[in-house]
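Worksheet for the structure shown next.
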Protein chains: 2
Amino acid sequence: MTIHSGGGARILIIDDEPQIRKLLKVTLQAHRFDIHEAEAGEAGIYQASIVHPDLIVLDLGLPDMSGMDVLRRIREWSSVPIIVLTAKEREEDKIAALDGGADDYVTKPFGMGELLARIRVALRHVASSVQEPVLRFGPLVIDLAQRLVELDGSRVKLTPTEYDLLKTLATNAGKVMTQRQLLQQVWGGHHYESDSHYLRIYIGHLRKKLEEDPTRPRFIETEPGIGYRFLSQD
Amino acid sequence: MTIHSGGGARILIIDDEPQIRKLLKVTLQAHRFDIHEAEAGEAGIYQASIVHPDLIVLDLGLPDMSGMDVLRRIREWSSVPIIVLTAKEREEDKIAALDGGADDYVTKPFGMGELLARIRVALRHVASSVQEPVLRFGPLVIDLAQRLVELDGSRVKLTPTEYDLLKTLATNAGKVMTQRQLLQQVWGGHHYESDSHYLRIYIGHLRKKLEEDPTRPRFIETEPGIGYRFLSQD
DNA sequence: AGGCTTTCTCGCAGAACTTCCGGAATCCCC
DNA sequence: GGGGATTCCGGAAGTTCTGCGAGAAAGCCT
């Protein structure tokens, strides 16, 4: 579950050691994260303020200022998850960082797999507010999370089967869905060609509720002998 | 989910070793947490469903079932923060637990100060997610902190179940809550689809107390065949 | 006793399924 | 190339059935 549907989440790395930065950058980019870097505290704070990362990996041992100060300064205005990465193993340091606003504390040497897992945990916490699967086709809006369908700004009431059918058509917009595919997706079990009349009924219902002129469909086009296709644009 | 302001947060400890349990219990109680205990997996899942803890400390090495299974079972219906506490240091175990729904992973032997700090971090997350403890929907005001509901300025008396149901609906305003989700959130993990009559009863009670015209709901909308949705606007 | 929760029954509205029929396109045969 | 037969799609009935809501009554806790 990534945050941004297209690319991965934006991650800012604040670390002064070039080889660690390089390692983190390469590995995280391989996992489709969008990486920004800073090699000092002030630069890190500045970067955080302009790129608005979804997560920050912060090394506490910085040349220009204390990592704890960086933490505090960022926490003054942002609640972005911060994973502290450091060589300091003393418990007081861990407690200070965690109570200072850090969301996790990983000591070097660290396993990259574990760090990735902890990054996923931190991103999971904010994921709900960022993820928003909404399909838009001109005047038609399908909100999969809220299970809402709007046409020209007003809500359209759909029965469960109607909604499921529209959803499978719209998520595969552009390509033809065979009758068999639709029957299996929407009705689930093993339905045969004889049941394809169900489809015509519910396609009819959908067109009646969505199309202005059901004889000239804007959204659902029938592909004779094959199935149906959801048009991405007029 | 709510952190109780008077006493500390409720913490459930699931661990089979009596001395560890004792140590955790005494220390956490000294920090004014409200402690519940379970010494096996099944018992832990059951406890979690009835005491609704604000946080769970889970030992992965349990006698009756795999700790990972406990994790998964609880995650089926609850998003309570879970801190895994274990002797397993292998990176694959950490990754599996974190990706399996754990919020943190602490290996034994552990420093009690660090564990406490990590508990504070986890609790901070749920506290910040309920940043606005007062929900307002037109004439309806729900004060989550005081467990109080007002309609048109006058107090509405709700039973515990009615309040819990309203709370879960209102905190997820806009999106559909399936009957299964509602049953698991409000009643705990043991209820299945067959118990959906409960829902209808209590939805009826809520509508009778909140809606002027229960046949034309302003707040609680039923989504036939799916569940219910709390309307964000009139 | 009183309130809260659970259980049960019943009526009803709407959804799902079924059947029948008309119209359009295609194919086939002459 | 034209006419009939076939095929396929779409609409309009009617029937069944699932799911929701309301009322009432029986446990259960304080």
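Lettering follows sequence order; numbering is per chain, from 1. Quick caveat, the model's predicted, so the values are computed rather than measured.
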What pairs with A:L135 under side chain to side chain contact (heavy atoms under 4.5 Å, CB included), at least two apart in sequence or on another chain?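 A:L135: side chain to side chain contact (heavy atoms under 4.5 Å, CB included) contacts with A:F137, A:I142, A:L144, A:A170, A:T171.
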Sequence neighbours left out, what passes side chain to side chain contact (heavy atoms under 4.5 Å, CB included) with A:I201? Give chain and number order.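 In terms of side chain to side chain contact (heavy atoms under 4.5 Å, CB included), with neighbours along the sequence ignored, A:I201 is linked to A:H197, A:H205.
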Closest nucleotide among C:dC4, C:dA15, D:dC20 to the A:T161 side chain: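 Of the options given, the side chain of A:T161 lies nearest C:dA15.
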Counting heavy atoms from C-beta on, name the nucleotide in C:dT6, D:dG19, D:dC9 closest to the side chain of A:R200.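 Closest nucleotide among those given: D:dC9.
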Where does the angle between the aromatic ring planes of A:W77 and A:H52 fall among parallel (under 30°), tilted (30 to 60°) and perpendicular (over 60°)?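 Answer is perpendicular, since the angle exceeds 60°.
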Nearest-nucleotide comparison on DNA chain C, the residue closer to the 5′ end among B:P160 and A:P160: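 Nearer the 5' end of the strand: B:P160.
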Can you check the [X] [atom1] to [N] [atom2] distance for me, whole Å?
{"X": "B:L183", "N": "C:dT6", "atom1": "CG", "atom2": "C1'", "result": "13 Å"}
{"X": "B:D195", "N": "D:dC20", "atom1": "CG", "atom2": "C1'", "result": "16 Å"}
{"X": "A:E221", "N": "D:dC9", "atom1": "CD", "atom2": "C1'", "result": "14 Å"}
{"X": "A:H205", "N": "C:dA15", "atom1": "NE2", "atom2": "P", "result": "10 Å"}
{"X": "A:L199", "N": "C:dC17", "atom1": "CG", "atom2": "P", "result": "11 Å"}
{"X": "B:K209", "N": "D:dG21", "atom1": "NZ", "atom2": "P", "result": "17 Å"}
{"X": "B:E162", "N": "C:dC4", "atom1": "CD", "atom2": "C1'", "result": "9 Å"}

Can a donor-acceptor pair be found, under 3.5 Å and without considering hydrogens, that links the side chain of B:R10 to the backbone of B:V51?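 Looks like yes, one N/O pair under 3.5 Å.
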Could you tell me whether the side chain of B:N172 and the main chain of B:K175 form a donor-acceptor pair under 3.5 Å?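 Judged by distance alone, no pair lies under 3.5 Å.
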Please evaluate the base of C:dT19 for a donor-acceptor partner in the side chain of A:H197 within a cut-off of under 3.5 Å?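 Looking at the base of C:dT19, it does pair with a donor or acceptor on the side chain of A:H197 (distance under 3.5 Å).
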Does [X] have a side-chain nitrogen or oxygen under 4.0 Å from the phosphate oxygens OP1 or OP2 of [N]?
{"X": "A:K157", "N": "C:dA15", "value": "no"}
{"X": "B:Q179", "N": "D:dC20", "value": "yes"}
{"X": "B:T159", "N": "C:dT5", "value": "yes"}
{"X": "B:Y228", "N": "D:dG21", "value": "yes"}
{"X": "A:W187", "N": "C:dC17", "value": "yes"}

Between A:R147 and A:Y163, is NZ or CZ placed under 6.0 angstrom from the six-membered ring centre and within 45° of the ring axis?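 Yes, a cation-pi geometry.
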Protein and nucleotides 24-30 of chain D: nitrogen or oxygen contacts under 3.5 angstrom:
none

Residue that, paired with B:K108, satisfies salt bridge (Lys or Arg N to Asp or Glu O under 4.0 Å) out of B:E17, B:E114, B:E89: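 Going through the options one by one, the only one that passes is B:E17.
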Residue mapping more 5' on DNA chain D - nearest nucleotide basis, B:I226 or A:E223: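 Final value for this comparison: A:E223.
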Sequence neighbours left out, cut at 3.5 Å: what donor-acceptor pairs do the side chains of residues 155-162 of chain A make with other protein atoms?
residue	atom	partner	partner atom	Å
A:R155	NH1	B:E221	OE1	3.1
A:R155	NH1	B:E221	OE2	3.3
A:T159	OG1	A:E162	N	3.4
A:E162	OE1	A:T159	N	3.0
A:E162	OE1	A:K209	NZ	2.8

Can you tell whether the side chains of A:D164 and A:K167 come within less than 4.0 Å, N to carboxylate O?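 Salt bridge: no.
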May I have all residue pairs that pass salt bridge (charged side-chain N to carboxylate O under 4.0 Å, His left out) and include part of residues 73-84 of chain B, sequence neighbours excluded?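 Sorted result for residues 73-84 of chain B: B:E42-B:R73, B:R75-B:D103.
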Report, one pair per line, the protein and nucleotides 22-27 of chain C atoms (nitrogen or oxygen only) whose separation is under 3.5 Å.
none

